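This one's a predicted model, so the numbers in the text were calculated from it and none came from an experiment.
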Amino acid sequence: MRAEDAPTPVTGNVAVVSDYVFRGLTQSWGHPAIQGGADYTAANGFAAGTWASSISDKTYPGASMEWDLYANYGRSFATDWSWRAGVYGYFYPGGNLDEAGLPSRNFNTVEAQFALTWKQFTVKYNRALTDYFGVDTEQGYRDDSRGTEYYQIDASFPLDPEWTLGLHAAHTDYSTKLVTPTSGGARNPSYNDFGATLKYQFVAHWSLSLGVTHATNTGFYNDTVSFQDAGDTRDVGGTRGFVMVQGTF
């Protein structure tokens, strides 16, 4: 292979999505979002990157952007197996509960992650090293939310050179519960989420994805109140569809 043909260790991506859904819950209050990121991958197994998306201040008062930073290390072993471990940080510049008249608390979250892959199947374990997206006693919970866990399994099935089907199932296990139940009687924010995405690579470096997600525990999430307007409520979970156009370079 000629030096100029060697794969670059740095890649980037940009996207427009009709609804930014993270772990089954909308982060953009059901509205479109602009996203983009960059990744560095070294031959020795180290990788790092950054990614950002527009979000809604109805969920994250004072913030208009989620900014992620991450680093990990992984290796292949045996036949068709690999592992990867690292840390992932979610940051919300300007975001704080005091923007909604509540005691000061930011939403920044850092997780430890471990993933094991066999062929097209990946299982991943995520554990919060900080409070989980601001959840703490200031929001009416019994304790802080350190130790909240996210278990997920993902699979990717190439259908032909242009089409790929992705499947996802996961469980969020919060380490705390509400002191006072919601109007629907729910105390426990833990839930399952599922998803399926059909991706079409219509030209080089550009793809179109159609996806559907579903989050359980509707008693907790179906009447989520906006931090900006107590009269504005939304089902942030449930069943949601989205369309994404993404470019990679």
*Is R142 close to R187 at the side-chain level, that is, under 4.5 Å between some pair of heavy atoms?*
yes

*Determine whether W81 and L116 make a side-chain contact, defined as any pair of heavy atoms from C-beta on separated by less than 4.5 Å.*
yes

_Tell me if the centroids of the rings in W51 and Y20 come within less than 6.0 Å of each other._
yes

*Quick check, are the ring centers of Y221 and Y191 under 6.0 angstrom apart?*
yes

*asked:* Counting C-beta onward and ignoring hydrogens, is there a side-chain heavy-atom pair between N13 and D39 closer than 4.5 Å?
replied: yes

_Any pair counted as side chain to side chain donor-acceptor pair (under 3.5 Å), so long as it reaches residues 119-135, sequence neighbours left out_ = R23-Y132, R105-D131, Q113-N126, T117-T122, Y125-R127, Y125-E149, N126-Q152, R127-E149

*asked:* Whether the side chain of S145 engages the backbone of V135 through a donor-acceptor N/O pair (distance < 3.5 Å, no angle test) should be reported.
replied: yes

*asked:* Taking P32's backbone N and O only, do any of them form a donor-acceptor pair with S28's side chain (distance below 3.5 Å, no angle check)?
replied: no

*Atom CG in D173, atom CG in N192: separation rounded to 0.5 Å?*
10.0 Å

*asked:* Quick one: does any side-chain atom of T109 pair with a main-chain N or O of F107 as donor and acceptor, under 3.5 Å?
replied: yes

*First locate atom CZ of R84, then atom CZ of F46, and finally report the distance between them rounded to the nearest 0.5 Å.*
9.5 Å

*Close side-chain approach of L159 and L198, heavy atoms under 4.5 Å*: yes

*asked:* Side chains of N106 and F91, heavy atoms from C-beta outward: is any pair under 4.5 Å?
replied: no

*Crowded around W83 CH2? As in, over 12 foreign heavy atoms under 6.0 Å?*
yes

*Test item: H168 side-chain N/O and F194 main-chain N/O as donor-acceptor pair under 3.5 Å*: no

*Do I153 and L167 share a hydrophobic cluster, counting only Ile, Leu, Val, Met, Phe, Trp and Tyr and linking them when any side-chain heavy atoms are less than 4.5 Å apart?*
yes

_Test item: L102 and F227 side chains (from C-beta on) under 4.5 Å apart, heavy atoms_ = yes

*Would a 4.5 Å heavy-atom cut-off, applied to side chains only, mark D143 and S175 as touching?*
no

*What is the minimum heavy-atom distance between T197 and F242, and which atoms define it?*
OG1-CZ, 3.8 Å

*In Å and rounded to the nearest 0.5 Å, what is the OG to CD distance from S56 to Q27?*
9.5 Å

*asked:* Nearest 0.5 Å, please: how far is CG in D136 from CG in D144?
replied: 5.5 Å

*asked:* I'd like to check Y150 versus D193 (side-chain heavy atoms, cut-off strictly below 4.5 Å). Are they in contact?
replied: yes

*Establish, yes or no, whether a centroid distance under 6.0 Å links the rings of Y90 and Y92.*
no

*When rounded to the nearest 0.5 angstrom, what is the spacing between CD in Q201 and OG1 in T248?*
6.0 Å

_Give me the atom names and distance for the closest heavy-atom approach of G24 to A215._
O-CB, 3.5 Å

*More than 12 foreign heavy atoms under 6.0 Å from NZ of K199: is that the case here?*
no

_Shortest non-hydrogen contact from H214 toward T239_ = ND1-OG1, 2.8 Å

*Which heavy atom in F249 sits nearest to a heavy atom in V14, and how many Å separate them?*
CE2-CG1, 4.2 Å

*L210 with L165, same ILVMFWY side-chain cluster at under 4.5 Å*: yes

*Which heavy atom of Q228 sits nearest a heavy atom of G62, and at what distance?*
NE2-N, 4.2 Å

_How long is the straight-line distance from CG of D19 back to CE of M244, given to the nearest 0.5 Å?_
10.5 Å

*Show your working on side-chain hydrogen bond (donor to acceptor under 3.5 Å, both in side chains) between W67 and T50 and close with a plain yes or no.*
CA-CA 7 Å; W67 178 35; T50 183; 2.8 Å; yes

_Restricting to non-hydrogen atoms, name the atom on A186 and the atom on L178 that form the minimum distance, rounded to 0.1 Å._
O-CD1, 3.9 Å

*In terms of hydrophobic clusters joined by side-chain contacts under 4.5 Å, are L97 and V225 together?*
no

*asked:* Grouping I, L, V, M, F, W and Y whenever their side-chain heavy atoms are under 4.5 Å apart, do V243 and W163 come out in a common cluster?
replied: yes

